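These notes concern the structure reproduced below.
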Amino acid sequence: MYRTHTCGELRLSHIGQQVTLAGWVQRVRRMGGMIFVDLRDRFGITQLVFNQETNADLCAQANELGREFVIQVQAEVAERSNKNKHIPTGEIELLVSTMRVLNTSETPPFTIEDNTDGGDDLRMKYRYLDLRRNTVRENMILRHKVAFETRRYLDQMGFLEVETPILIASTPEGARDFVVPSRMNQGQFYALPQSPQLFKQLLMVSGFDKYFQIAKCFRDEDLRADRQPEFTQIDCEMSFVKQEDVLNLFEGMMKHLFRFVKNIDMTDAFPRMTWADAMKYYGSDKPDIRFDMQFVEIKELVSGKNFVVFDEADYVGAICASNCATYTRKQLDELTDFVKRPQIGAKGLVYIRCEADGTFKSSVDKFYTNDDLAKIATACKAEKGDLILILAGATEKTQKALCELRLEMGSRLGLRDKNVFAPLWVIDFPLFQWDEETQRFYAMHHPFTCPNEDDIALLDTNPGKVRATAYDMVINGVELGGGSIRIHESALQKKMFELLGFTPEQAEAQFGFLMSAFKYGAPPHGGLAFGLDRLVSLFAGLDSIRDCIAFPKNNSGRDVMIDAPSVIDNAQLDELGLRIELKKS
RNA sequence: GACUCUAUGGUGUAGUGGCUAACAUACUGGACUGUCGAUCCAGAGAUCGCGGGUUCAAAUCCCGCUAGAGUCGCCA
């Protein structure tokens with residue numbers, strides 16, 4: 001045994017005991033005749049004391065210690081004369097009798113402290129050192145708690161955790177697959193799963209009734225702060241359920257997690273919003289409802305006044321920012337620049353200031369009378385002192401831009417508090433979305449999503465209007481999870497494939513095993529999946545999911561610590577029957 | 001595929017055409033017996049990401065490249 005206690009557990013009650021501790025040297029404070037050493041492990045920090053008068057040799061030995069040395073000490077627990085109220089072990093210290101250096105350390109490239117001096121790049125390269133820091137470790141502990149409480153809740157609810165394979169076959173729909181060459185089947189490739197979707201449906205056919213898995217998923221697409229090439233889903237599926245059953249059970253799971261991980265009681269039912277309303281009022285299928293500022297469509301009100309921009313626009317939408325009438329020209333210009341950035345793509349921004357004296361000042365005074373502006377203000381429920389911001393253009397694009405503007409205003413006004421959590425379900429997603437480029441429908445969720453039974457007739461007449469039994473859970477504008485009730489009848493599934501432009505042969509080749517399985521008594525079933533990384537980063541108040549992943553990849557999908565991906569040698573390529581031909585860039 | 005931003009001692013920053021490139025921290029040596037972000041003194045440490053150009057003069061301006069961060073496209 002290297003130790004009898006951890007560095008976080010000794011208290012006044014241990015005084016007089018002989019203990020052995022092991023850990024890392026956090027800091028050495030040399031006082032001349034005395035040396036204080038902070039000894040650190042995952043559990044905390046304990047102060048060691050060396051005194052020249054008591055043991056000069058040992059004190060000389062302690063004088064040689066450097067940052068991050070790994071040492072073991074035998075010592076007596078003593079009460080401190082000067083107590084440190086800032087740390088849990090601050091009332092005691094260890095009078096060291098023997099010390100052994102288990103390992104020395106080079107000076108770390110950045111300081112292992114809460115406020116490290118290291119930049120992001122360097123911390124990623126030395127991630128194993130970064131993980132020694134409290135802040136990073138706490139994120140990992142939080143992640144552990146979320147995973148643990150997820151298992152506890154789902155186990156209580158009768159779910160079985162089942163592992164599904166990582167080496168599977170490529171499918172054409174959805175994201176780009178990561179592929180793995182097969183040595184034993186030359187010229188053929190496995191794909192890594194984008195999710196365990198098909199397997200969890202097969203488990204329902206197998207009668208498992210309630211399945212879950214905390215599963216690694218892989219998508220070969222460009223990355224973002226909230227997107228990694230490999231990520232973790234809490235993947236769930238249930239038999240003999242309708243949408244309502246799924247929503248209730250997983251709303252329960254989220255409340256359980258808030259209760260036991262964040263110590264927050266969410267008693268109210270999560271609001272539900274149709275996809276159509278989410279788009280209409282927030283311009284997004286993942287609205288941040290921590291604050292209001294809903295869209296108001298004012299096309300009718302502003303047309304026919306010779307303002308050509310509004311007259312020619314398909315859509316004119318407004319939001320009302322409370323108490324912002326005092327915005328200066330500079331601030332309004334900033335907002336205009338914000339919406340005109342190529343990523344947002346609005347042509348311009350129209351504002352109406354609702355002045356304190358009841359008059360209006362706008363950038364389109366030339367075209368609108370005070371009465372006209374008053375009508376707009378009424379429609380927007382604007383009061384004296386408010387600022388109305390208006391965007392116009394093609395419907396979808398403008399809604400999207402207005403959504404960004406709304407979020408920007410929410411941030412500026414401090415309405416997006418990380419400690420406030422506003423969950424909701426977005427329901428009634430469309431089953432299909434039309435793709436102009438390829439001139440065909442794509443499944444908005446995936447091809448196994450069951451249409452809303454009220455809309456089945458529309459499948460033949462107007463597929464674009466068919467609603468799906470699909471749902472997303474959204475918290476604070478983050479899509480945390482989503483799912484659907486699945487098709488469990490071969491006939492309907494066949495029809496879906498037809499509508500998606502699959503020939504029967506293609507459908508058979510890609511999903512034949514699922515179609516076959518459905519011939520042997522598939523139960524009605526449905527489920528969903530949550531993004532564990534996003535959930536943890538939301539709980540931790542992080543801006544990037546990287547900070548809650550032990551060993552994440554960078555923007556371009558590289559692991560800068562182990563330097564992956566990397567080239568492989570020719571012998572390996574030969575074995576696989578592969579030859580490299582680099583694309584000329 | 002596109003856009004924006006960034007790159008200066010080990011580390012984090014300052015330096016917007018003209019000095020010996022500044023500061024903090026970490027590091028090394030010294031002083032110090034109650035520190036706990038110890039303090040004090042001294043020291044070492046940078047061809048300013050790479051390549052080219054403009055200029056009497058470039059860390060600074062221009063072009064290209066590389067790397068990183070964020071975003072759009074993409075992500076059923």
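Because the structure is a prediction, the values reported are computed rather than measured. Chain letters run A, B, ... following the sequence lines, proteins first and then strands; every chain starts at 1.
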Under 4.0 Å protein heavy-atom contacts per nucleotide of nucleotides 41-46 of chain B, with B for base, S for backbone only and - for none | ------
Readout for nucleotides 64-72 of chain B: B = base within 4.0 Å of protein heavy atom, S = sugar-phosphate only, - = neither; 5' to 3' it is ----SBBBB
According to the ring-ring contact (aromatic ring centres under 6.0 Å, His included) rule, which pairs have a member within residues 478-501 of chain A, sequence neighbours left out?
->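 Qualifying pairs: A:F497-A:F502, A:F497-A:F511.
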Mapping A:Q197 and A:N63 onto RNA chain B by nearest heavy atom, which one lands closer to the 5' end?
->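 The 5'-side residue here is A:N63.
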Please figure out whether A:M444 or A:Q47 has its closest RNA chain B nucleotide nearer the 5' end.
->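 Mapping each residue to its closest nucleotide by heavy atoms, the 5'-most match is A:Q47.
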Can you tell which of A:I35, A:V49, A:L39, A:L58 makes a side-chain contact (heavy atoms from CB on, under 4.5 Å) with A:V96?
->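 Filter result, single survivor: A:L58.
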Side-chain contact, heavy-atom cut-off 4.5 Å: [X] with [Y]?
| X | Y | value |
| --- | --- | --- |
| A:L48 | A:I71 | yes |
| A:R486 | A:E237 | yes |
| A:Q201 | A:L514 | yes |
| A:P109 | A:L129 | yes |

Rounding to an integer number of Å, can you tell me how far [X] [atom1] sits from [N] [atom2]?
| X | N | atom1 | atom2 | result |
| --- | --- | --- | --- | --- |
| A:E68 | B:G10 | CD | C1' | 15 Å |
| A:N82 | B:G34 | CG | C1' | 5 Å |
| A:E79 | B:G34 | CD | P | 18 Å |
| A:R176 | B:C75 | CZ | P | 8 Å |
| A:K340 | B:U4 | NZ | P | 16 Å |
| A:R534 | B:C75 | CZ | P | 14 Å |
| A:R40 | B:G37 | CZ | P | 16 Å |
| A:L122 | B:G49 | CG | P | 17 Å |

[N] versus [M] - spacing of their [atom1] atoms, nearest Å:
| N | M | atom1 | value |
| --- | --- | --- | --- |
| B:G1 | B:G12 | C1' | 35 Å |
| B:C27 | B:C65 | P | 41 Å |
| B:C56 | B:G49 | C1' | 28 Å |
| B:G9 | B:A22 | P | 14 Å |
| B:G73 | B:A21 | P | 48 Å |
| B:G18 | B:A59 | P | 10 Å |
| B:U28 | B:U33 | C1' | 24 Å |
| B:U8 | B:U55 | C1' | 22 Å |

Run the numbers on A:D333 and A:K330 for salt bridge (Lys or Arg N to Asp or Glu O under 4.0 Å), then give the verdict.
-> CA-CA 5 Å; A:D333 284 348; A:K330 191 181 162 204; over 6 Å; no
Would you please classify the geometry between the [Y] ring and the [X] ring as parallel, tilted or perpendicular, with 30° and 60° separating the classes?
| X | Y | value |
| --- | --- | --- |
| A:F429 | A:W275 | tilted |
| A:F448 | A:H446 | tilted |
| A:Y471 | A:W425 | perpendicular |

Determine which pairs satisfy side chain to side chain donor-acceptor pair (under 3.5 Å) with at least one residue from residues 33-50 of chain A, sequence neighbours left out, and list them in order.
->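 Pairs touching residues 33-50 of chain A that pass the test: A:Q26-A:R40, A:R29-A:D38, A:R29-A:Q47, A:R40-A:E68, A:Q47-A:E93.
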Please collect all side chain to side chain donor-acceptor pair (under 3.5 Å) contacts where either partner lies in residues 334-344 of chain A, sequence neighbours excluded, each pair once.
->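 Residue pairs passing side chain to side chain donor-acceptor pair (under 3.5 Å), neighbours aside: A:E334-A:R412.
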For the residue pair [Y] / [X], report whether a side-chain donor-acceptor contact shorter than 3.5 Å exists.
| X | Y | answer |
| --- | --- | --- |
| A:D235 | A:Y211 | yes |
| A:Q233 | A:S195 | no |
| A:D547 | A:N139 | no |

Residues in ring pair (Phe, Tyr, Trp, His ring centres under 6.0 Å) with A:F212, at least two apart?
->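 A:F212 satisfies ring pair (Phe, Tyr, Trp, His ring centres under 6.0 Å) with no residue once adjacent residues are dropped.
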More than 12 heavy atoms of other residues, nucleotides or ligands under 6.0 Å from CG of A:D563: is that the case?
->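 Yes.
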Is it true that atom NZ of A:K465 has more than 12 heavy atoms of other residues, nucleotides or ligands lying nearer than 6.0 Å?
->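 Result for NZ/A:K465: open.
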Counterpart residues, salt bridge (Lys or Arg N to Asp or Glu O under 4.0 Å), relative to A:R127 (two or more places apart) =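 For A:R127, the residues satisfying salt bridge (Lys or Arg N to Asp or Glu O under 4.0 Å) (neighbours in sequence not counted) are A:D130.
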Within [range], which residues have any heavy atom lying less than 4.0 Å from an atom of RNA chain B?
| range | value |
| --- | --- |
| residues 132-139 of chain A | none |
| residues 501-513 of chain A | none |
| residues 28-36 of chain A | A:R29, A:R30, A:M31, A:G32, A:G33, A:M34, A:F36 |

Any donor-acceptor N/O pair under 3.5 Å between B:U33 base and A:N51 side chain =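 Side chain to base: pair present.
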A:C548 versus A:S537, closest heavy-atom pair with distance =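 Of all heavy-atom pairs spanning A:C548 and A:S537, the closest is SG-N, 4.0 Å.
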Assigned partner base of [N], Watson-Crick or wobble definition, under 3.5 Å:
| N | value |
| --- | --- |
| B:A46 | none |
| B:C74 | none |
| B:C32 | none |
| B:A67 | B:U6 |
| B:A22 | B:U13 |

Base, sugar-phosphate, or nothing for A:S484, non-hydrogen atoms under 4.0 angstrom?
->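 Touches nothing.
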Apply side-chain contact (heavy atoms from CB on, under 4.5 Å) to A:Q228 and list each qualifying residue two or more places apart in sequence or on a separate chain.
->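 Checked A:Q228 against side-chain contact (heavy atoms from CB on, under 4.5 Å); matches are A:I545, A:R546, A:I549, A:P552, A:K553.
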Any protein N or O atoms within reach of nucleotides 26-28 of chain B? Criterion: under 3.5 Å, listing atom names and distances.
| unit_1 | atom_1 | unit_2 | atom_2 | d |
| --- | --- | --- | --- | --- |
| B:A26 | O3' | A:R67 | NE | 3.1 |
| B:C27 | OP1 | A:R67 | NE | 3.0 |

